[in-house]
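One structure is given here, and the rest of the page talks about it.
These values consider heavy atoms only, across backbone and side chains, with no hydrogens, waters or symmetry-generated copies.
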Amino acid sequence: MTQEFTYRPKMVCSTEITFELDDENKIHNLRFRGGCNGNLKAIGRLVEGQEASKVSEILRGNTCGPRPTSCADQLSKAIDQALAEKIA
């Protein structure tokens, strides 16, 4: 069984991040709306089936150009929020 989560990123080109977490907190069906299409599809492929907290740890703090964040960093925030919601 999976649960879908949606996150609205801030200060990046993508406008929405959607993904599912299964009962083992593994990521499935990651999708970004907007942003750098090829790179974000690649991130989706790389994290498919991976443990969410590990993915968050790896991507946290990644920046894009002069911005203090990136779509990958925003994904880490989305994952952290989703994991907190699942626990609550």
(message) What I'd like to find out is whether the side chain of Thr6 reaches to under 4.5 Å of the side chain of Ile17, using heavy atoms alone.
(response) no

(message) Once rounded to the nearest 0.5 Å, what's the spacing between atom CD of Glu51 and atom CD1 of Ile79?
(response) 9.0 Å

(message) Holding to side chain to side chain donor-acceptor pair (under 3.5 Å), I want the full list of residues that pass it with Thr2, two or more places apart in sequence or in another chain.
(response) Glu20

(message) Is any side-chain heavy atom of Leu21 closer than 4.5 Å to one of Lys86?
(response) yes

(request) Provide the closest heavy-atom pair for Ala72 versus Ile43 in the form atom of the first, atom of the second, distance. (result) CB-CD1, 4.2 Å

(request) Could you tell me whether the side chain of Met1 reaches within less than 4.5 Å of the side chain of Gln3, counting heavy atoms only? (result) no

(request) Would you check if Tyr7 and Gln81 make a side-chain contact, meaning some heavy-atom pair closer than 4.5 Å? (result) yes

(request) Please lay out, stage by stage, how Thr18 and Glu4 fare under the test side-chain contact (heavy atoms from CB on, under 4.5 Å). (result) CA-CA 7 Å; Thr18 305; Glu4 185 173 273; 3.6 Å; yes

(message) Quick one, Lys26 and Gln50 - any side-chain contact, counting heavy atoms below 4.5 Å?
(response) no

(message) Could you tell me if the side chain of Asp73 sits less than 4.5 Å from the side chain of Thr63, heavy atoms only?
(response) no

(message) Hydrophobic cluster membership, with links at side-chain heavy-atom distances under 4.5 Å among I/L/V/M/F/W/Y: are Ile58 and Val47 in one?
(response) yes

(request) Looking only at non-hydrogen atoms, find the nearest pair between Pro9 and Gln74 and report the distance. (result) CA-OE1, 3.3 Å

(message) Strictly below 4.0 Å, N to O, side chains only: are Asp80 and Arg60 in salt-bridge contact?
(response) yes

(message) Would you compute the distance between atom CG of Leu75 and atom OG of Ser14 and round it to the nearest 0.5 angstrom?
(response) 9.0 Å

(request) Look up atom CG in Leu59 and atom OG in Ser70, then write down how far apart they are to the nearest 0.5 Å. (result) 7.5 Å

(message) What I'd like to find out is whether the side chain of Leu83 reaches to under 4.5 Å of the side chain of Ser53, using heavy atoms alone.
(response) yes

(request) Side-chain contact test, heavy atoms from C-beta onward, threshold under 4.5 Å: evaluate it for Ile27 versus Glu48 and give yes or no. (result) no

(request) Rounded to the nearest 0.5 Å, what's the gap from CD on Glu85 to CZ on Phe5? Could you check? (result) 5.5 Å

(request) Rounded to the nearest 0.5 Å, what's the gap from CG on Leu40 to CZ on Arg33? Could you check? (result) 13.5 Å

(request) Write down the atom of Phe19, the atom of Ala82, and the distance for their closest heavy-atom approach. (result) CZ-CB, 3.7 Å

